[in-house]
Amino acid sequence: MLRKTSENISRFSIISIILGLYFSNALKSIGIVCLAGSILFHPDTVKNFRVLFRNKLFISLFIIAVFYILSLFYGDNYYYYWISSKNKFLYFFVPVALLNLSLRKKEISIIK
């Protein structure tokens with residue numbers, strides 16, 4: 001029951017993130033927070049993290065993102081850095097949420 005509820009929340013949040021990219025930042029923020037919450041309550045999250053960290057493409061993208069985050073300490077303008085990156089931290093949850101979902105072929109084609 002918890003798995004099905006988490007998957008439904010993940011579907012809602014991914015749709016709201018996509019719609020938020022076009023219409024409203026508030027809708028995008030609500031989707032990202034719901035996505036993070038659904039990952040916390042899904043029973044297979046730890047297993048899916050292990051699957052992601054075995055993927056070399058994900059590891060390389062994760063390292064690039066970590067360098068982007070750590071560039072805060074190299075720059076001088078902390079305020080601009082915080083404004084430009086405060087919403088990007090939560091996008092680390094999107095790959096795990098997609099692995100937590102059991103998607104049909106039609107849903108995968110819609111996402112692409």
Side-chain angles (χ1 to χ4, degrees):
M1 168 117 174
L2 189 63
R3 175 177 287 140
K4 191 67 174 169
T5 305
S6 175
E7 287 180 4
N8 289 336
I9 292 173
S10 293
R11 282 190 178 93
F12 165 76
S13 58
I14 288 174
I15 290 170
S16 65
I17 288 171
I18 291 170
L19 291 176
L21 291 173
Y22 294 109
F23 296 115
S24 170
N25 281 337
L27 189 61
K28 184 176 67 170
S29 298
I30 290 169
I32 291 173
V33 170
C34 288
L35 189 70
S38 71
I39 288 172
L40 290 175
F41 294 113
H42 197 278
D44 294 335
T45 300
V46 175
K47 182 181 77 168
N48 291 334
F49 266 119
R50 289 181 188 147
V51 168
L52 276 178
F53 280 109
R54 289 185 187 128
N55 186 350
K56 292 180 182 179
L57 179 63
F58 180 77
I59 291 173
S60 62
L61 290 175
F62 185 75
I63 289 171
I64 291 170
V66 166
F67 281 131
Y68 177 71
I69 292 168
L70 292 178
S71 68
L72 165 72
F73 301 114
Y74 182 71
D76 292 332
N77 194 353
Y78 297 118
Y79 179 74
Y80 175 74
Y81 175 81
W82 179 252
I83 294 299
S84 67
S85 65
K86 69 179 179 179
N87 288 333
K88 295 176 185 159
F89 292 122
L90 295 175
Y91 281 111
F92 287 121
F93 296 123
V94 174
V96 178
L98 289 176
L99 279 178
N100 283 344
L101 290 174
S102 56
L103 298 173
R104 295 177 290 235
K105 289 183 181 181
K106 185 176 181 181
E107 292 173 335
I108 292 173
S109 66
I110 290 172
I111 290 174
K112 287 181 181 179

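Residue numbers count from 1 along this sequence.
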(message) Which heavy atom of C34 sits nearest to which heavy atom of S13, and what is that distance?
(response) CB-CB, 3.8 Å
(request) Report the distance from atom CZ of F41 to atom OG1 of T5, rounding to the nearest 0.5 Å. (result)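 The CZ atom of F41 sits 11.0 Å away from the OG1 atom of T5.
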(message) Could you measure the distance from the CD1 atom of I14 to the OG atom of S38? Nearest 0.5 Å is fine.
(response)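 These two atoms lie 7.5 Å from each other.
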If you group Ile, Leu, Val, Met, Phe, Trp and Tyr by side-chain heavy-atom gaps below 4.5 Å, do [X] and [Y] land in one group?
{"X": "L19", "Y": "L35", "value": "yes"}
{"X": "Y22", "Y": "I32", "value": "yes"}
{"X": "V51", "Y": "F53", "value": "yes"}
{"X": "L27", "Y": "I18", "value": "yes"}
{"X": "I15", "Y": "I39", "value": "yes"}

(request) Look at the side chain of S16 and the backbone N and O of F12, then say whether any donor-acceptor pair between them is shorter than 3.5 Å. (result)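 Yes.
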